[in-house]
Amino acid sequence: MNERAPAAAAQPFFLPATAGQRFCLYYAPAGAGCRGAVLYVHPFADEMNKSRRMAALQARALAALGYAVLQVDLYGCGDSSGEFVDARWDIWKDDLARASAWLDSKVDAPLILWGLRLGALLALDYARDAARKPARMLLWQPVHGGAACLTQFLRLLSANAMLAEAGKAAPEKTGGTAALKASLLDGQSLEVAGYELASELAAAIEQLDAAGMAPQGCQVHWLEAVAAAERPLSPAVERQAAHWRAQGTALQLERVVCPPFWTTQEITVSDALLGATTTIFAA
Amino acid sequence: MYLNDIKTILIDVLSLGDAGLSLDANSALLGSITELDSMAVVNLMTALEEHFGITIDDDEISASTFETLGSLDAFVQQKLA
């Protein structure tokens, strides 16, 4: 690592894409040559904001190791064109295709897809029919099922309703998450915690399942957060990993003691996750 | 019975730090801990589900579930019973 010059600051720019442009941050690789072209896929809604710092720190660390890193705000997210309600799963996949092509024009190096939470599921789905296949994938706490992810997101509304009822003598029952999801999938957009979610996007997320997305022909590094060193991986994670391996995925699954920085109240940094990731990519 | 586990999860989810160590079964949660907003309730539910391997339906919980650390513990005990 020492022979390389310190990484330069990130270069912001706008990438032309469907219905406007996408805000991008490019971290040029330190030193001569490029070990890989890393494309970061951010998580969903507020998790994107919560994890911005971790993404930036890891991007810088990878650039210092000699990797080119591109972060792109997907359509309707961050500083890119469009409102959240306009966002569609297929536009996001197209955003990744354009970002991947941009990286390819910039550096001559194998593609590495790096996704966090729902961003990992998007990266997996994109990799299945991408024109340019990734050589490696880095998955941070990947979401396995779109349906459960959507339910969790909609819970924000039912939790709000619950808090509003607190203190009342005879609380009314609200529709609950299942009813909210039904109306959303029926064509109604729904505002949750400041994000207006379109029915089309919800329907696309609802049917995603990582089980059917076993990555082929690339090395997968899956880092899963646990609360303490003695905590095992959840049965759901073990099941998913076994399923992928049975389908021939070259999978390295690692447990990292790491707070859920993508949801924590305060912006949180996990040195353990940064360190584990950097170790993998320094090798 | 699961009080310490739940307390640890609560401290983690709400980033309470050392301030959370003094919590006990009678500690009031909703309305007393300002960090416990709707986002935090959702995160807490998810963390409890993942930790205890349970699935929580909206119908099963109400504001009273989150009244005290003890009421939350009682809820988890009933889920695991």
Side-chain angles (χ1 to χ4, degrees), chain A residues 45-47 49-50 117 141 143-144 148-149 151-181 192-195 224-228 231-237 257-268, chain B residues 2-21 23 27-69 71-72 75-76 79-80:
Chain A
D46 203 41
E47 292 189 6
N49 301 318
K50 291 279 170 69
R117 304 275 297 141
Q141 197 75 8
V143 164
H144 307 181
C149 174
T151 299
Q152 251 174 44
F153 186 63
L154 295 179
R155 254 190 195 163
L156 275 173
L157 273 186
S158 29
N160 261 331
M162 193 181 79
L163 292 192
E165 295 296 338
K168 292 191 188 169
E172 311 159 30
K173 271 284 169 200
T174 50
T177 309
L180 289 172
K181 191 187 259 190
V192 183
Y195 293 88
E224 186 74 16
V226 293
R231 303 271 169 82
L233 290 166
S234 79
V237 169
V257 178
C258 169
F261 60 87
W262 53 92
T263 60
T264 44
Q265 218 81 346
E266 308 292 330
I267 299 298
T268 310
Chain B
Y2 302 106
L3 210 63
N4 277 328
D5 284 23
I6 296 172
K7 184 168 144 179
T8 305
I9 290 169
L10 193 68
I11 291 170
D12 285 354
V13 169
L14 302 182
S15 312
L16 294 179
D18 290 345
L21 295 175
L23 292 171
S27 301
L29 303 180
L30 259 195
S32 297
I33 299 181
T34 51
E35 286 89 345
L36 196 58
D37 59 9
S38 55
M39 177 71 91
V41 166
V42 172
N43 292 337
L44 188 56
M45 284 168 68
T46 307
L48 290 172
E49 285 182 328
E50 285 172 6
H51 181 84
F52 292 107
I54 54 178
T55 306
I56 304 173
D57 280 333
D58 293 353
D59 294 352
E60 298 174 294
I61 53 158
S62 65
S64 62
T65 314
F66 296 91
E67 203 171 336
T68 63
L69 196 56
S71 64
L72 200 52
F75 171 74
V76 171
K79 284 295 291 184
L80 290 171

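Lettering of chains follows the sequences in order, A, B, ..., and the numbering in each one begins at 1.
Contact of D57(B) with chain A is not made at all, since no heavy-atom distance falls under 4.5 Å. At a 4.5 Å heavy-atom cutoff, the contact between T263(A) and chain B is made by backbone and side-chain atoms alike. Looking at E49(B), only its side chain comes within 4.5 Å of chain A, counting heavy atoms on both sides.
Taking every heavy atom of both residues into account, M162(A) and I61(B) meet most closely at SD-CD1, 3.9 Å. A159(A) approaches S38(B) most closely through the heavy-atom pair CB-O, 3.8 Å.
The side chain to side chain donor-acceptor pair (under 3.5 Å) test applied to T65(B) returns no partner, not counting sequence neighbours.
In this structure, R155(A) and I56(B) have side chains that are in contact, with non-hydrogen atoms separated by less than 4.5 Å.
Within residues 7-15 of chain B, the residues that have a heavy atom under 4.5 Å from a heavy atom of chain A are D12(B), V13(B), L14(B), S15(B), listed by number.
With respect to chain A, the highest number of heavy-atom pairs below 4.5 Å among T46(B), L36(B), V41(B) belongs to T46(B).
Note that OG of S158(A) is 6.5 Å distant from CE of M45(B), once rounded to the nearest 0.5 Å. With values rounded to the nearest 0.5 angstrom, D46(A) atom CG is found 4.5 Å from M39(B) atom CE.
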